[in-house]
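Below you'll find the structure, written out as structure tokens, and then a few comments.
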2 protein chains.
Amino acid sequence: MATMQDVADRAGVTKQTVSNVISGRVPVRPATAAKVRAAIAELGYTPNLVARSLATGATRTVGLFVPSVVGAFYATVVEEVEDVLEEHGYHLLLSTTRLDGERARRHLASLTSRSVDALLIAGDNDLIDHLPLLAEARFPVALCAWESEVPDSFPVVTIDYEQAGYLAGRHLRELGHERVAVLASPAHGTRIRGFRRAFAADGLAVPDSAVHYAPEPSQPGGHVAATAALTADPAVTGLFATHDVLALGALEAARSLGRSVPHDLSIVGHDDVPESRLTWPALTSVAIPSREMARQAIELLLRAVAKSAAPTNSLQLLRPELVARGSTGPVGDPPGRPGA
Amino acid sequence: MATMQDVADRAGVTKQTVSNVISGRVPVRPATAAKVRAAIAELGYTPNLVARSLATGATRTVGLFVPSVVGAFYATVVEEVEDVLEEHGYHLLLSTTRLDGERARRHLASLTSRSVDALLIAGDNDLIDHLPLLAEARFPVALCAWESEVPDSFPVVTIDYEQAGYLAGRHLRELGHERVAVLASPAHGTRIRGFRRAFAADGLAVPDSAVHYAPEPSQPGGHVAATAALTADPAVTGLFATHDVLALGALEAARSLGRSVPHDLSIVGHDDVPESRLTWPALTSVAIPSREMARQAIELLLRAVAKSAAPTNSLQLLRPELVARGSTGPVGDPPGRPGA
DNA sequence: CTGAAAGCGCTTACAG
DNA sequence: CTGAAAGCGCTTACAG
């Protein structure tokens with residue numbers, strides 16, 4: 001493995017000159033530079049990044065924590081983050097926390113040891129308890145895709161989840177639905193709040209008894225919750241699933257219970273994952289700009305790294321958008337008239 | 001940021017002793033160790049991993065290249081790799097190549113600069129041309145999820161894709177299908193070969209004209225390919241999709257064309273992604289042990305790192321398994337008799 | 001524009 | 001069991 005000294009010896013200069021040629025921060029006479037470049041090529045020299053990191057104090061690596069990478073939402077976040085990092089010449093150190101807070105804490109602790117220039121935490125499931133650990137981190141930290149209890153000690157780039165819930169609710173209201181139920185995951189309180197606001201605007205309430213929590217954030221979980229919701233109150237005409245996978249399960253459950261979607265049951269999801277387009281009927285869903293969110297968050301972080309200052313501590317809320325498809329229709333829509 | 005020297009000063013010892021306490025490789029008198037530990041705690045000292053890496057030459061980081069992280073297959077590989085790494089105290093440097101060979105090459109080049117102790121390359125899409133670059137890498141390299149042109153210069157842990165195709169074919173043969181078509185992605189030649197073997201065993205051929213390539217490896221791509229296959233030869237009774245997403249598209253296409261699955265069309269997929277269980281009818285698919293594969297590959301690599309030797313250069317083929325569900329049935333099965 | 005020096009924070013033999 | 005020294009391969013002021 002050739003070292004910078006080897007290159008210097010071969011080119012007949014000192015290693016500082018080699019360093020200058022590589023970094024370009026100090027001008028080098030063209031003839032000298034050419035000799036150095038030739039030596040680099042002949043030796044197949046490639047700088048030792050670890051040594052550089054030790055000298056500069058920067059690793060050009062950014063850590064990213066996500067709850068999981070299975071599932072379109074976080075996978076998209078990962079890819080977008082990687083794209084931005086790539087543009088700026090950074091590497092990605094990935095950690096999936098997988099509902100294991102203890103494991104998350106360990107990973108966090110090891111990143112603390114200077115191995116990362118910045119840290120982005122996506123999703124609020126597993127790390128919330130360990131955030132204080134980060135308060136003294138010597139690298140910038142930002143959060144994204146945060147819904148519950150947005151901490152004010154770090155910059156946050158997230159979705160306006162309240163608005164997302166509201167859009168879902170307003171859509172059902174506009175179609176005339178009055179009696180509805182919610183299929184939820186525990187952390188989705190903000191979406192439910194927004195959903196309720198849409199009904200409250202018309203003097204209607206969505207009682208707690210109409211909120212059914214899925215045993216797990218999966219399609220089968222949604223199936224279970226939807227079945228519970230529809231048997232608890234068969235008069236329900238609209239369902240809001242706080243997560244598309246739950247909506248997919250609800251679609252199944254509706255079929256099992258002989259409810260026709262959207263003719264006698266409307267279903268609206270949240271996230272607008274690609275699969276939503278592929279169900280039958282296609283799922284109406286609240287689309288959230290996840291790529292945009294990831295990009296904003298990581299760029300904010302990289303800006304802080306560049307000027308080696310703390311990032312501006314702000315809360316940025318990106319706007320969701322309702323995408324109406326076939327799974328929702330006017331209440332009382334007679335069967336046979338296809339939805340959307 | 002406290003340094004080892006700071007700890008040493010506070011504990012009244014030299015930094016070598018601190019190092020010994022931390023590493024445990026040299027015995028330290030209990031009283032001294034206690035003083036050191038106290039100092040570490042008081043200072044909140046955490047060793048600088050970059051400095052350690054420079055001194056030891058090991059980064060305790062492993063690089064993983066995957067084509068993408070969106071989609072259950074590679075996402076699962078990523079999580080399994082991370083789990084194994086976590087067990088061994090390693091970090092994950094992730095790179096998704098995203099069909100961009102040039103980008104892949106750049107990432108590869110930068111890893112070469114000593115930032116990684118080992119490298120696992122999953123999937124053969126984007127990096128195949130740059131593999132020779134790795135021949136002189138000073139860290140162990142292994143490949144997994146490799147189908148086409150398995151290189152012999154690196155250890156490979158992959159699936160017996162030929163057998164996978166064969167299982168799909170045999171299943172259709174056992175159900176009496178004779179006239180079939182294949183919906184394929186370009187890189188899946190091995191699966192098709194196995195599929196053909198099952199038919200050849202009974203003296204039947206699957207002509208090239210029966211193989212329809214999807215414009216892209218997505219559900220819509222499968223839809224297009226299936227439509228082409230079924231209109232080119234309406235007498236086809238069985239479809240093998242070399243990738244489950246294509247099969248999902250085929251399911252849609254069949255519905256559009258008024259073909260009832262499995263009564264007058266059987267569909268078998270490949271990969272057995274979780275979504276396959278959720279279609280209606282549920283998709284028959286060839287399950288491949290992707291977690292197992294990822295684990296074997298990464299453990300092989302870690303073993304090589306541990307004994308700082310080249311990994312045993314072998315080709316390991318893991319066995320696929322057919323999972324029969326509702327989307328396949330006996331040929332000529334009258335409608336109304338539900339499949340599986 | 002080029003060279004000599006010090007230092008980044010650790011680990012690894014090697015003496016005492 | 002503990003301390004003094006050298007070195008991992010770079011970069012960053014600082015002289016010439």
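Just so we're on the same page: letters track the sequence lines, and every chain starts at 1. As a basis for the values below, the full set of heavy atoms in this structure was taken, side chains included, without hydrogen atoms, waters or symmetry mates.
- Closest of all the heavy-atom pairs between B:A33 and B:V21 is CA-CG2, 4.0 Å.
- In terms of the side chain to side chain contact (heavy atoms under 4.5 Å, CB included) criterion, residue partners of A:A137 (sequence neighbours excluded) are, by chain and number, A:F139, A:V141.
- Dashed line: the shortest gap from a side-chain N or O of B:T17 to OP1 or OP2 of D:dG3 is under 4.0 Å.
- Rounded to an integer number of Å, the gap from A:R29 CZ to C:dG3 P is 9 Å.
- For residues 2-26 of chain B, the pairs satisfying salt bridge (Lys or Arg N to Asp or Glu O under 4.0 Å) are B:R10-B:E42, with sequence neighbours left out.
- Counting non-hydrogen atoms under 4.0 angstrom, B:S53 reaches nothing in the nucleic acid.
- Under the 4.0 Å criterion applied to side-chain N and carboxylate O atoms, A:D100 and A:R106 are not assigned as salt-bridge partners.
- The salt bridge (Lys or Arg N to Asp or Glu O under 4.0 Å) pairs that include a residue from residues 140-159 of chain B are B:E147-B:R191, where partners are two or more places apart or lie in different chains.
- Side-chain contact between B:L300 and B:L302: absent, with no pair of heavy atoms (C-beta onward) separated by less than 4.5 Å.
- Atom CG of A:L49 is separated from atom P of D:dC8 by 18 Å (rounded to the nearest Å).
- Under the salt bridge (Lys or Arg N to Asp or Glu O under 4.0 Å) criterion, the residue pairs touching residues 63-81 of chain A are A:E79-B:R98, A:E80-A:R291, A:E80-A:R295, with sequence neighbours excluded.
- Between A:P140 and A:V305, the closest heavy-atom pair is CG-CG2, 3.8 Å.
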Quick one: what's the B/S/- string for nucleotides 10-16 of chain C, heavy-atom cutoff under 4.0 Å, read 5' to 3'?
-> BBB----

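- As judged by a 4.0 angstrom heavy-atom cut-off over every strand, B:V26 is placed among the base-contacting residues.
- Stem analysis of DNA chain D (at least three stacked-register Watson-Crick or G-U pairs, each with both distances under 3.5 Å) gives C:1-3 with D:14-16, C:5-12 with D:5-12, C:14-16 with D:1-3.
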